[in-house]
> 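Just passing along the structure, written as structure tokens.
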Amino acid sequence: MSFTLRARWSASSAPRLARTFVARPKHTVKDPLLTASNAEITELPENLTFIHRPPPTAETPLSYTTNPTSPLLRQTSASSTSAPLPPPLHAAYNGESKRLTEAQIEEIRARRAKDPKRNPAWKLAQEYGCSRLFISMVAPIKKIDVQVGTSEGLVQMTEAERRQLEKAKVMSRWGERKQINREVKRLRREKW
């Protein structure tokens with residue numbers, strides 16, 4: 001028993017060695033311009049230094065530093081024009097536009113108004129030899145009638161009315177909280 005007490009006493013009373021840390025020198029970052037192997041350093045008067053490093057990538061043949069003329073102004077070489085081109089997306093415009101008479105324009109309007117699904121703009125443009133844009137400008141479609149199956153059977157209505165009907169069906173399945181939140185949101189937008 002006395003041995004263990006003495007061992008504790010000697011271990012606790014022994015002088016402890018203070019931990020000392022080695023003082024490291026302050027880390028200084030070397031200037032990458034001065035240490036670069038390909039840098040050209042020129043001393044200038046008044047304690048100035050000019051350092052030139054070439055770019056890390058190779059120069060392109062179209063570089064403005066090596067060839068200052070614009071590549072757009074240069075004549076194309078024969079080798080670049082011999083490469084095959086992809087096929088054109090649309091037929092080239094030949095510059096001729098067919099003049100339509102008032103009677104033809106009225107006929108286009110009548111056909112578009114009667115049945116816009118059977119007389120789309122592209123089809124009429126092919127028939128009359130003009131652009132689709134011209135057809136859509138001369139005879140725009142305001143409403144397209146759609147047949148929609150409802151509980152009463154097939155009903156003829158416009159596209160906007162059909163979308164409104166579908167929206168009403170979806171809204172009928174909403175809960176009370178969602179209806180209130182949507183109404184509050186609508187009122188907030190109105191007063192914005």
Side-chain angles (χ1 to χ4, degrees), residues 32-33 36-40 51-174 178 181-182 185-186 188-190 192:
L33 291 175
S37 61
N38 58 355
E40 297 174 15
I51 302 171
H52 175 264
R53 276 193 314 176
T57 57
E59 293 179 351
T60 64
L62 303 176
S63 171
Y64 291 120
T65 57
T66 58
N67 191 2
T69 59
S70 172
L72 300 174
L73 300 176
R74 242 183 267 135
Q75 295 293 327
T76 57
S77 64
S79 63
S80 66
T81 57
S82 64
L85 295 174
L89 294 176
H90 304 287
Y93 179 68
N94 59 7
E96 298 176 13
S97 60
K98 186 177 176 184
R99 284 268 194 211
L100 298 179
T101 63
E102 283 296 322
Q104 288 175 323
I105 292 174
E106 287 302 320
E107 183 183 345
I108 290 171
R109 287 181 182 149
R111 287 177 62 185
R112 270 293 260 185
K114 183 180 177 186
D115 193 2
K117 288 190 176 182
R118 289 194 183 159
N119 297 308
W122 65 269
K123 195 173 188 181
L124 292 173
Q126 281 181 346
E127 286 180 27
Y128 290 96
C130 57
S131 68
R132 292 177 297 180
L133 177 65
F134 178 75
I135 297 291
S136 61
M137 288 171 58
V138 168
I141 299 176
K142 304 264 188 307
K143 297 177 182 176
I144 298 178
D145 288 343
V146 181
Q147 286 190 350
V148 179
T150 60
S151 58
E152 296 96 35
L154 286 178
V155 177
Q156 192 85 5
M157 60 177 67
T158 63
E159 184 69 22
E161 290 170 347
R162 184 191 63 78
R163 273 189 256 119
Q164 191 69 26
L165 182 68
E166 286 180 4
K167 186 177 177 182
K169 283 182 185 176
V170 171
M171 289 173 65
S172 68
R173 294 190 300 259
W174 286 356
K178 189 166 187 174
N181 288 342
R182 291 294 172 107
K185 187 177 182 181
R186 187 186 63 77
R188 200 178 317 127
R189 279 186 182 157
E190 285 177 5
W192 185 272

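Keep in mind that what you see is a predicted model, and the values were worked out from it rather than measured. We're numbering straight along the sequence, starting at 1.
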> If you take all heavy atoms of Ile51 and Ala39, which pair is closest and at what distance?
CG2-CB, 4.1 Å

> To the nearest 0.5 Å, what is the distance between CD (Gln104) and CZ (Arg99)?
12.5 Å

> Verify salt bridge (charged side-chain N to carboxylate O under 4.0 Å, His left out) between Arg186 and Glu190, making sure each step is shown before the conclusion.
CA-CA 6 Å; Arg186 187 186 63 77; Glu190 285 177 5; 2.3 Å; yes

> Search all heavy atoms of Pro116 against all heavy atoms of Ile141 and return the closest pair with its distance.
CB-CD1, 3.4 Å

> Kindly compute the distance separating CG (Leu124) from CZ (Arg112), expressed to the nearest 0.5 Å.
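Rounded to the nearest 0.5 Å, the CG-CZ separation comes out at 6.5 Å.
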
> Counting only heavy atoms not in Arg132, do more than 12 sit closer than 6.0 Å to its CZ atom?
no

> Measuring from atom OG of Ser131 to atom CE of Met137, what distance do you get when rounded to the nearest 0.5 angstrom?
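CE of Met137 is found 8.0 Å from OG of Ser131.
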
> Give the intermediate values and the outcome of side-chain contact (heavy atoms from CB on, under 4.5 Å) for residues Arg111 and Lys123.
CA-CA 11 Å; Arg111 287 177 62 185; Lys123 195 173 188 181; 5.9 Å; no

> Between the side chains of Glu166 and Arg162, is the shortest nitrogen-to-carboxylate-oxygen separation below 4.0 Å, so that they form an ion pair?
yes

> To the nearest 0.5 Å, tell me how far Glu106 CD sits from Glu102 CD.
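Spacing of CD (Glu106) from CD (Glu102) equals 6.5 Å.
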
> Phe134 versus Ile105: any side-chain heavy-atom pair under 4.5 Å?
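They are in side-chain contact.
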
> Can you find a heavy atom in the side chain of Arg163 that is under 4.5 Å from one in the side chain of Lys167?
no

> Nearest 0.5 Å, what's the CD-CG distance between Glu107 and Leu100?
10.0 Å

